[in-house]
Amino acid sequence: MVNVEWWKKSVVYQIYPRSFYDSNSDGIGDLRGIIEKLDYLVYLGVDVLWISPFYASPGVDNGYDISDYRAIAPEFGTMADCEELLEKAHEKGLKIMLDLVVNHTSDKHPWFEESRQSLHNNKRNFYFWREGRDNAPPNNWMSLFGGGAWKQDPKTGQYYLHLFSENQPDLNWDNEEVRQEVYDMMHFWLKKGVDGFRMDMISLISKVPELPDGQLMPNGFGMPFPFVNNGPRLHEFLQEMNREVLSKYDLITVGETPGVKPQDASQYSNPDELNMIFQFDHMLLDRVDPGNAYKKPDFIRLKQALSNWQIELHNKAWNSLYWCNHDQPRSVSRFGNDSSREYRENSAKMLAVCLHMMQGTPFIYQGEELGMTNIRFDNINEVKDVEAIHTYNIAINMGVTPKDAMEVQYHKGRDNARTPMQWENTENAGFSKGTPWIKTNPNHSEINVKVQKDDANSVLNFYRRLIEIRKNYPIVTHGNYELIDPEHKELFIYRRCYGEQILLVICNFTDGQVEWEIPKAFLNMKNEPIIENGVIQRKNGLLIIGAYGSVAYLM
Ligand code: GLC
Ligand code: CA
């Protein structure tokens, strides 16, 4: 067998700590809560935990606005809790990845507070400060959360760049001091025993120095892409980070890289930079720029998007696999069907088969393994996410009715994924004995860990089997990939080959029964699939797959 890096065989589980488990009843999930649930994660079978930020932060963007990279936010616990979490996780064979958020800091970070004091102070060049143009911002860029990307600061009259909220000023990576500070901070965590990083918005850290106007959009702002993604010095920076930090440890690293195409992946995913990156092509299919509308994702394009990454990266770069995370709506509501229990459970399983039989390192987002769904908040006051509130307000100002603006949130809002983890059918889904910081999804009475543990046919037990299969069948890690019947409007079919072995995966993305004529090449496939869900029948050379069914055969 080929000797392969451990992170190529691993399954990662993402924890959004605020919503995972609250150990002290203040309504906010915390580090001790994660410690208490480690045995659940061992039971699930995952290898690595990626924990979203729990550093000191004013919490404007739920921790993605960091004011001290070396301190723990009090609502999440203490440094001692963090050290205990690392130790206990390691004892149980789990590795821990932290979120590295270094495209920007909080505006309450001491670097920024100093930087804004005067034109020539020694932190000024840590950020992007520019003069305005005729009483207007230095360029036309839109913030990725909506609105303009520049904010004028009364102290000096200059503007600073914020690609996200105005409380998240962008760091200037062209300044060597900034880079050294980041590398020092990474060593600080790695010396504590952290096993890797998920790098937030890492494709944005090098900007085209002239900061040119972007292409004008219907909302009157200009698009910052392509002047901020894959920038001129990006790979130089990542290689430097690799030399100075990453190469000194045995780590798992994944970059969050909007605006990156499969052809660019091998520039990131290689021994001199990162292990792998997160692509966005399949996440943008239901997006209508500038982000305040929604359309149904096109199935053929979904297949193409995922397949392009499979094919282009094979033997060149390593892929990551995901359907959802804390920034995306719930996958079962988005790509599956949550309208009935039967459809929900089947489509959750089918989506899992579709993704987990592909090549790459799978990432499971908390609750995905239960088939947790989107939530319908009563109104905008129940929504907590800074981006959602921003896009909602912009829509209202443009004359959209509150009802229609909420409809977009039901499909796209990030808070869909941030409701409390559903542990059991008790108050607040067993997440907290206090009042949760965000509303609990009422469907926790049906969807929760406790009932699913005892049910052999649950989505949870299905995920456990899929994780097992990855561990037992090298073809899942190593095999190549071919999309079959690319134009098929209902089925997602692909084949993986490894040596003499073939793995055939067939997924029905519709609520109807679909018949597929089995091609000659596959007629000798065994009758026993390695995994299946829904109604699967084989007769007279036909494969008949029930609503949201899926099946994987090994030949
Ligand atoms: C990433 C994070 C997201 C955050 C943004 C700004 O996309 O995943 O939650 O809002 O970066 O840090
Ligand atoms: Ca708590």
Side-chain angles (χ1 to χ4, degrees), residues 7-16 41 44-52 97 99-100 196-203 252-262 265 268-269 274-287 297 301-310 312-313 317-336 347-374 412 414 416-418 421 459 462-463 466-467 470 476-477 481 492 494 505 507 509:
W7 41 266
K8 292 189 177 171
K9 292 182 297 187
S10 296
V11 177
V12 183
Y13 187 89
Q14 184 193 351
I15 292 179
Y16 196 67
L41 300 161
L44 180 57
V46 297
D47 308 281
V48 182
L49 310 180
W50 149 31
I51 310 179
S52 280
M97 290 169 90
D99 221 308
L100 185 76
F197 292 107
R198 174 267 188 184
M199 303 187 184
D200 191 74
M201 290 292 163
I202 204 73
S203 57
I252 176 168
T253 53
V254 56
E256 189 201 23
T257 50
V260 170
K261 292 287 137 207
Y268 286 87
S269 165
L274 308 177
N275 296 159
M276 60 193 130
I277 56 176
F278 286 137
Q279 60 122 334
F280 277 73
D281 291 344
H282 63 317
M283 291 288 122
L284 296 176
L285 296 173
D286 54 5
R287 185 183 164 92
R301 289 181 59 202
L302 175 67
K303 294 201 283 187
Q304 272 161 5
L306 290 168
S307 302
N308 289 344
W309 283 81
Q310 288 291 300
E312 185 65 40
L313 274 62
W318 190 249
N319 208 3
S320 71
L321 305 170
Y322 74 99
W323 278 128
C324 59
N325 58 45
H326 65 293
D327 293 330
Q328 302 294 339
R330 289 286 179 179
S331 48
V332 67
S333 306
R334 186 183 197 183
F335 300 108
S347 63
K349 292 174 187 172
M350 179 277 290
L351 289 169
V353 169
C354 185
L355 198 79
H356 282 249
M357 293 294 102
M358 288 185 180
Q359 185 170 38
T361 299
F363 287 70
I364 300 171
Y365 177 66
Q366 68 184 40
E368 178 188 338
E369 78 278 20
L370 309 173
M372 273 179 65
T373 67
N374 284 353
K412 296 285 290 173
R414 303 197 298 181
N416 283 306
R418 300 178 179 184
M421 174 72 177
V459 180
F462 197 83
Y463 265 85
L466 275 174
I467 295 170
R470 175 168 294 268
V476 179
T477 308
Y481 174 97
F492 194 148
Y494 61 85
V505 181
C507 299
F509 272 69

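Each residue takes its place number in the sequence, starting with 1.
Distance check, rounded to the nearest 0.5 Å: CE of Met350 to CG of Leu355 gives 11.5 Å. A distance of 5.0 Å separates CG of Leu306 from CZ of Phe492, quoted to the nearest 0.5 Å. In this structure, the separation between CG on Asn319 and CD on Glu312 is 11.0 Å, given to the nearest 0.5 Å. Taking CG of Asn374 as the start and OG of Ser331 as the end, the distance is 9.0 Å to the nearest 0.5 Å. Interatomic distance, CD1 of Ile252 versus NZ of Lys8, reported as 11.5 Å (0.5 Å rounding). In this structure, the separation between NZ on Lys412 and CZ on Arg287 is 6.5 Å, given to the nearest 0.5 Å.
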| field | side chain to side chain contact (heavy atoms under 4.5 Å, CB included) evaluation trace for Cys354 with Phe335 | value | CA-CA 11 Å; Cys354 185; Phe335 300 108; over 6 Å; no
| field | CA sep, side-chain torsions, deciding dist, call: Val254, Trp50, side chain to side chain contact (heavy atoms under 4.5 Å, CB included) | value | CA-CA 10 Å; Val254 56; Trp50 149 31; 5.8 Å; no
| task | Evaluate the criterion side chain to side chain contact (heavy atoms under 4.5 Å, CB included) for residue pair Thr257 and Met199; output intermediate values, then yes/no. | result | CA-CA 9 Å; Thr257 50; Met199 303 187 184; over 6 Å; no
| message | Apply side chain to side chain contact (heavy atoms under 4.5 Å, CB included) to residues Leu370 and Val459 and explain how you reach the verdict. | response | CA-CA 5 Å; Leu370 309 173; Val459 180; 5.7 Å; no
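A donor atom on one side chain and an acceptor atom on the other are not found under 3.5 Å apart for Trp7 and Thr361.
A donor-acceptor pair under 3.5 Å is formed between the side chain of Trp323 and the backbone N or O of Leu351. In this structure, the side chain of Ser320 engages the main chain of Ile277 through a donor-acceptor pair within 3.5 Å. Of the possible donor and acceptor atoms, none in the side chain of Glu256 sits under 3.5 Å from a partner among the backbone N and O of Asp200. Looking only at distances, a side-chain donor or acceptor of Ser203 sits under 3.5 Å from a matching main-chain atom of Pro258. A donor-acceptor distance shorter than 3.5 angstrom exists from the side chain of Arg470 to the backbone of His356, with no hydrogens or angles considered. The backbone N or O of Gln359 lies less than 3.5 Å from a partner atom in the side chain of Gln310, making a donor-acceptor pair. No donor-acceptor pair closer than 3.5 Å links the side chain of Ser269 to the backbone N or O of Ala265.
Nearest heavy-atom pair across Val11 and Val46 is O-CB, 3.7 Å. Residues Gln328 and Ala417 approach most closely at O-CB, 3.2 Å, considering heavy atoms. Closest non-hydrogen pair, Thr477 versus Trp318, comes out as O-CH2, 3.4 Å. Closest heavy-atom contact between Ile202 and Gly255: CG2-CA, 3.8 Å. Closest approach of Leu313 and Pro262 over heavy atoms only: CD1-O, 3.8 Å. Scanning all heavy atoms of the two residues, the minimum distance from Leu285 to Leu302 falls at CD1-CA, 3.4 Å.
The salt bridge (charged side-chain N to carboxylate O under 4.0 Å, His left out) analysis of residues 322-331, with sequence neighbours excluded, yields the pairs Asp327-Arg414, Asp327-Arg418. Residue pairs that meet the salt bridge (charged side-chain N to carboxylate O under 4.0 Å, His left out) test with at least one member in residues 357-373, sequence neighbours left out, do not exist here.
Remark: Asp281 pairs with Lys261 by the salt bridge (charged side-chain N to carboxylate O under 4.0 Å, His left out) rule, at least two apart or across chains.
Between Tyr365 and His326, the ring planes are tilted. Angles from 30° to 60° get that label.
Between Phe363 and the choices Tyr322, Tyr13, Phe278, the ring pair (Phe, Tyr, Trp, His ring centres under 6.0 Å) rule is met once, by Phe278.
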